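Report on the following structure.
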Amino acid sequence: MTDYLDRLNPEQRAAVETLDGPLLVLAGAGTGKTRVLTTRFAHILLSGRASPGQVLAVTFTNKASREMRERVAVILGRPVEGLWLGTFHALCARMLRRHAEYVGLTSSFTILDTDDQLRLLKQVMELHRIDTKRWPAPGLMGAIQRWKDRGLGPGGITAAEDTDYAGGKARQIYADYQERLRQLNAADFGDLMLHIVDILRSRPDVLAQYHRMFRYILVDEYQDTNTVQYLWLRLLAQREATAANICCVGDDDQSIYSWRGAEVENILRFEKDFPGATLVKLESNYRSTAPILAAASALIAHNEGRLGKTLRPGLADAAGEKLLVASVWDSDEEARLVGERIEALHRDGHTLSEMAILVRAGFQTRAFEERMITLGLPYRVIGGMRFYERAEIRDAIAYMRAMNQPSDDLAFERIVNVPRRGVGDVALQALHQIARAERIPMTQAVLRLLETGTLKGRVREQLGLLMAALGRGREALAHGRQGDGDERLAGGAHLRVVETLLEESGYVEMWRRDKSPDAPGRLDNLKELVRALADFDTLGGFLEHVSLVMENDENAGADRVNLMTLHGAKGLEFDNVFLPGWEEGLFPSQRTLDEGGNKGLEEERRLAYVGITRARKRALISHAANRRIYANWQSSVPSRFVDELPAEHVEQMGSAAMAREQMRHAPTVFSGQFPLVAHRPRVVEAWEQPARPARSSTIAVGARVFHQKFGYGVVTGADDNRLDVEFEKAGFKRVLDSYVDPVASEAAS
DNA sequence: GTCGTTGCGTTTTTT
DNA sequence: ACGCAACGAC
């Protein structure tokens, strides 16, 4: 019965079996975090310490919840019912529906999406006569969200904090916005957390109810919690009588979401928050080779303020290749190099789906996509296309598929009763039976049922209308294809056909009649979808594109190179990982450095750590000497993270490496110009221009500068990297030197 | 309402 | 340079 424990190593086993009192499991990358979490969950249930309803298990994403649910069921050998397992927001929504009246809502409140939130806030701002040019609504929306992340309602905002938005009226607008939400019986995502924390704080009886209910609390990715999530957990876990059985699993070295409110401090402070807490470190890594682990460990060791943990190889055979660091001339050469390497690995029998290109920012994927297309390598871009995951979009696409391909049973099944046409289980079973028996598609089966008169009344009528709409659409598409005479008539014909189909089938009407606050947004999405059709010549072409872009369907298993951001790669692993663009300014990102200072730098370094630890067997890091940013080419310096990798585990390659070799033997004028000292021991590339670091020192008081937003001006004062500038149009401003460019004085006129 | 022009921003993303 | 959003004109 306890054989599931035997498959754990001693540290994992300690994490599973330490059931009493607070427990922090520090789980390094690839150390079996998910296994520990799910095994612990199952162990609590199997040991009889709690029933499913007495365990609260929290994750950040729906995907993580789903996985946990599935894996617990596997260990238990059956699906589990009645679990309090879900995302922070899903669980809070569930709680809030039980106690909504305490915050002036009813249990059927609606949850607003981002668009709705912004629309609503704009309305409120306009009522306050705020000039939304000067104070853009998204800025204030962000501020309100950050306040909510910190657990602050309108009453919690001090006057001192209310200076940066809407001319000091932010607090008042925030209050009105909340009032409007209440009138609409709606909550935004932040409210789900904020309201329930309010209730737990102000209603001891409600809190006591949950204290009695939850014997164990499990939290995944604790390093990503924000303040209000932390408060919620603390309220639920800290009780007077007994010690809190709260178990948080996380990795401070993988905290990469501070920009959306996550507080690394939460995990660093755990032992203070929960006195008597046990700390278990999982450091045995079962994913990567020794060189990869050594490189990742050396890199992350440059961070301060860590709980401290070192990954050690746990695989039987952890020997492996050194990391490759490639210096290339420009981004084109970088894409070429990565492409070549992928091709070579592919030739050697490595599957493409075991390769991933991980970039810092979304726009970087484009160069690699183009290269993949040229080489004919199939790829997929992960993330960024969540649009296609919305229910109304999936429905609409199912309509298109069912029209385009009458044998597409999956699509037809999705839409046959959306909107409701009275097709219930019975009718559906009958359809299945005929389809199977006659070996015909569902659409044919429907026609058969309509002919035989088996279906009656409203169902018959409704299905008849649907089939007619689909049939007319199909016919119109066929005509569009034949009519090759008039280009303009043919082009865009599929667009109108789809519009007509969505109208005639009653699908659009369904959302128009829907009175929930998110219905208008969904109609907008549908319009957007039809607009996207215009980019394709045929409906088939569009559907092909969509099927490539849509995740988790039939295409998920195809052998493709993975392209994604470093953030998107968290939690994933690949045999071969490519890490391009390791250049100062790009990675670490200049903007993060400007806004976040040393904390920002450390988060970027954690991102680099996440990137390297995604690799099982091989990692290639590259940096280009020249990169095109917006309009013009800029020379760039290799990222400081490259210098932080241990030399003994790294192999240099590429054109720049050769140039460097040459320079070492024959020093030139360049070696005098660039001091080769201290924290940058490696030789700079021969073609390197004095880039960002050098430029700031050239801006002195009296210099004429140009700023993207404020225009031309003259520097009147300087303090470290902050400049006082008197702009011609915008007046006096204090700006960061990285935002202005020096201008030659004759260029002024 | 829909089209065309202007102007601004341009890291990372989940719920 | 480019794309998208917001605004004004028809």
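Owing to the predicted nature of the structure, the values given are computational and were not obtained by experimental measurement. Basis for what follows: all heavy atoms, side chains included, without hydrogens, waters or symmetry-related copies. In the text below, chain A, chain B and the rest are named by the order of the sequence lines, each starting its count at 1.
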Inset, instruction - Using atom CG of A:L601 as one end and atom P of B:dT12 as the other, report the distance to the nearest whole Å. - result: 19 Å
Legend entry - Distance, rounded to the nearest Å, where A:E595 contributes CD and B:dT12 contributes P: 13 Å
Legend entry - Phosphate OP1/OP2 of B:dT13 contacted by A:T565 side-chain N/O (<4.0 Å): yes
Legend entry - Check: A:F641 ring centre within less than 6.0 Å of A:H302 ring centre: no
Inset, instruction - Whole angstrom is fine here: how far is it from NZ in A:K63 over to P in B:dT13? - result: 13 Å
Legend entry - Proximity of A:W232 and A:Y230 rings by center, below 6.0 Å: no
Inset, instruction - Using a cut-off of strictly less than 4.0 Å, decide whether A:N62 has a side-chain nitrogen or oxygen near OP1 or OP2 of B:dT15. - result: yes
Legend entry - Length of the line joining A:F189:CZ and B:dT13:C1', which is rounded to integer Å: 12 Å
Legend entry - Nearest-angstrom distance from the residue atom CG of A:D224 to P of B:dT13: 13 Å
Legend entry - Separation between the P atoms of C:dC4 and B:dT11, rounded to whole Å: 15 Å
Legend entry - A:Y379 versus A:E369, side-chain donor and acceptor atoms under 3.5 Å: yes
Legend entry - For atom CG of A:D594 and atom P of B:dT10, their distance in whole Å: 14 Å
Inset, instruction - Would you kindly give the CZ-to-C1' distance between A:R366 and B:dT11, to the nearest whole Å? - result: 17 Å
Legend entry - Residue A:S589, side-chain atoms from C-beta onward, closest of B:dT15, B:dT12, B:dT11: B:dT11
Inset, instruction - Check A:H623, A:R627, A:R360 against A:E583 for a side chain to side chain donor-acceptor pair (under 3.5 Å) and give me the one that passes. - result: A:R627
Legend entry - Complement of B:dG7, any strand, by Watson-Crick or G-U distances under 3.5 angstrom: C:dC4
Inset, instruction - For the side chain of A:K122, starting at C-beta, report the closest nucleotide among B:dT11, B:dT14, C:dA6. - result: C:dA6
Inset, instruction - Provide the distance between the two P atoms, one in C:dA5 and one in B:dT12, to the nearest whole Å. - result: 15 Å
Legend entry - Minimum-distance nucleotide (side-chain atoms of A:A361 versus B:dT14, B:dT15, B:dT11): B:dT11
Inset, instruction - Verify the stacking flag for A:W259 against B:dT12: centroid separation must be under 5.5 angstrom and the ring planes must differ by under 30 degrees. - result: yes
Inset, instruction - Give A:G362 one of three labels, base, sugar-phosphate or nothing, depending on what nucleic acid heavy atoms sit under 4.0 Å from its own. - result: sugar-phosphate
Inset, instruction - Establish, for the pair A:R97 and A:F109, whether the NZ or CZ atom is under 6.0 angstrom from the six-membered ring centre and no further than 45 degrees off its axis. - result: yes
Legend entry - Rounded distance in Å - CZ (A:R591) to P (B:dT13): 14 Å
Inset, instruction - Select one nucleotide: of B:dT10, B:dT15, B:dT13, the one nearest the side-chain heavy atoms of A:Y257. - result: B:dT13
